[in-house]
Protein chains: 2
Amino acid sequence: MEEDDFTLCVLNNARKAARAVSRHYDRLARQAGMTAGQFSVLVAIRQTTEETTGELADRLSMDRTTLVRNVALLERKGLVASSMSSESRGKCYRLTDKGRTLLEDALPLWRKAQGDVMSHLGEADFLRTISALKKLSDL
Amino acid sequence: MEEDDFTLCVLNNARKAARAVSRHYDRLARQAGMTAGQFSVLVAIRQTTEETTGELADRLSMDRTTLVRNVALLERKGLVASSMSSESRGKCYRLTDKGRTLLEDALPLWRKAQGDVMSHLGEADFLRTISALKKLSDL
DNA sequence: ACTTTTAGTGTGTATATGCACACTACTGAA
DNA sequence: TTCAGTAGTGTGCATATACACACTAAAAGT
């Protein structure tokens with residue numbers, strides 16, 4: 001029967017995994033003067049051309065208002081600049097030079113973190129894990 | 001060569017997945033008057049016999065101080081009670097009757113959430129995903 | 001023209017997360 | 001017996017997360 005096996009709780013396992021991963025990347029990111037979350041947003045903005053805040057938030061599976069505050073922080077730090085988009089009445093964001101440089105500094109640390117996970121999981125499981133996470137994201 | 005493919009960023013994907021899953025479970029949990037995170041901690045405490053705060057935190061891959069505040073909140077809500085352990089100089093936690101009842105109320109919602117994920121992933125992928133998440137947790 | 005819909009913006013409040021730090025009390029060795 | 005180590009506790013600060021709510025302005029219907 002096996003009802004209510006909490007070792008199979010997706011919530012628990014997903015949060016535990018995210019906390020563990022975040023901690024690992026965070027410790028490295030701090031060496032470059034930012035948090036892991038900030039790194040994620042910077043990367044997302046770098047890939048952006050003309051995305052509205054809501055679209056960017058969707059791409060990160062993040063609440064729009066969460067992103068607003070994250071980006072506001074990055075603007076205060078001088079890493080990101082915003083302006084109104086010509087079409088589509090939305091804001092758009094871009095990295096400042098400082099932001100681009102900082103991201104460049106953080107890249108070797110990111111590569112190390114990725115390598116750490118890779119060697120922890122093994123190459124085959126690494127790709128399977130990524131794809132499992134992606135599938136969960138569009139729940 | 002394919003250097004620096006951020007679609008393979010473990011941090012990004014893990015956080016995205018956790019946000020998506022948390023949101024889903026959270027919306028259901030709120031119907032029972034708690035958050036998804038509180039549900040997780042309540043479940044963990046229910047399984048506890050004589051665990052110190054640090055051990056409980058480890059089991060959740062959560063920082064000890066984060067857990068302290070989560071539990072303090074649950075105590076204020078009257079769902080959890082704490083006392084000093086006889087051996088091992090640590091605190092130990094237990095559900096109050098109110099906590100046990102609330103958890104009971106939340107169970108059908110939890111089962112629905114698990115079912116939603118199950119049907120989103122398919123049964124085989126479900127188990128593979130859980131095991132991938134577990135592996136990430138002890139990074 | 002004006003009013004409604006709609007696509008976008010931001011703020012208030014509550015919770016979650018973790019690092020740095022400080023505190024307390026057993027435990028054991030000089 | 002005092003004192004260093006250690007296993008535990010909690011707080012200050014900064015950030016992250018999301019829901020409810022309120023606001024603004026473009027688009028579109030009448």
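Lettering follows sequence order; numbering is per chain, from 1. Since the model is a prediction, treat every value here as computed from it, not as a measurement.
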Just to verify, what does B/R94 make a side chain to side chain donor-acceptor pair (under 3.5 Å) with, not counting sequence neighbours?
B/S83
Using side chain to side chain donor-acceptor pair (under 3.5 Å) as the criterion, list what pairs up with B/T65, not counting sequence neighbours.
B/D63
Can you tell me the distance, in whole Å, between the CE atom of B/M84 and the C1' atom of C/dC26?
11 Å
Selection: residues 16-35 of chain A, any non-hydrogen atom under 4.0 Å of DNA chain C:
A/R19, A/R23, A/R27
Name every residue in residues 53-76 of chain A that has at least one heavy atom under 4.0 Å from any atom of DNA chain D, in order of residue number, or write none if there are no such residues.
A/M62, A/D63, A/T65, A/T66, A/R69, A/N70, A/L73
Please collect all salt bridge (Lys or Arg N to Asp or Glu O under 4.0 Å) contacts where either partner lies in residues 12-23 of chain A, sequence neighbours excluded, each pair once.
none
Would you mind reading off the distance between A/R15 atom CZ and D/dA18 atom P, rounded to a whole angstrom?
10 Å
Measure the acute angle between the ring planes of A/F6 and B/F39, then classify it against the limits of 30° and 60° as parallel, tilted or perpendicular.
perpendicular
Indicate whether the side chain of A/T48 and that of A/E51 have a donor and an acceptor atom separated by less than 3.5 Å.
yes
Distance only, no hydrogens: is a donor on one side chain within 3.5 Å (strictly under) of an acceptor on the other, for B/T101 and B/E104?
no
Whether B/T96 side chain and B/L79 backbone form a donor-acceptor pair below 3.5 Å:
yes
How many Å lie between CG on B/L42 and P on C/dT15, as a whole number?
14 Å
Name all residues meeting the side chain to side chain donor-acceptor pair (under 3.5 Å) criterion together with B/Q114; count only those two or more places apart in sequence or in a different chain, and write none if there are none.
B/Y25
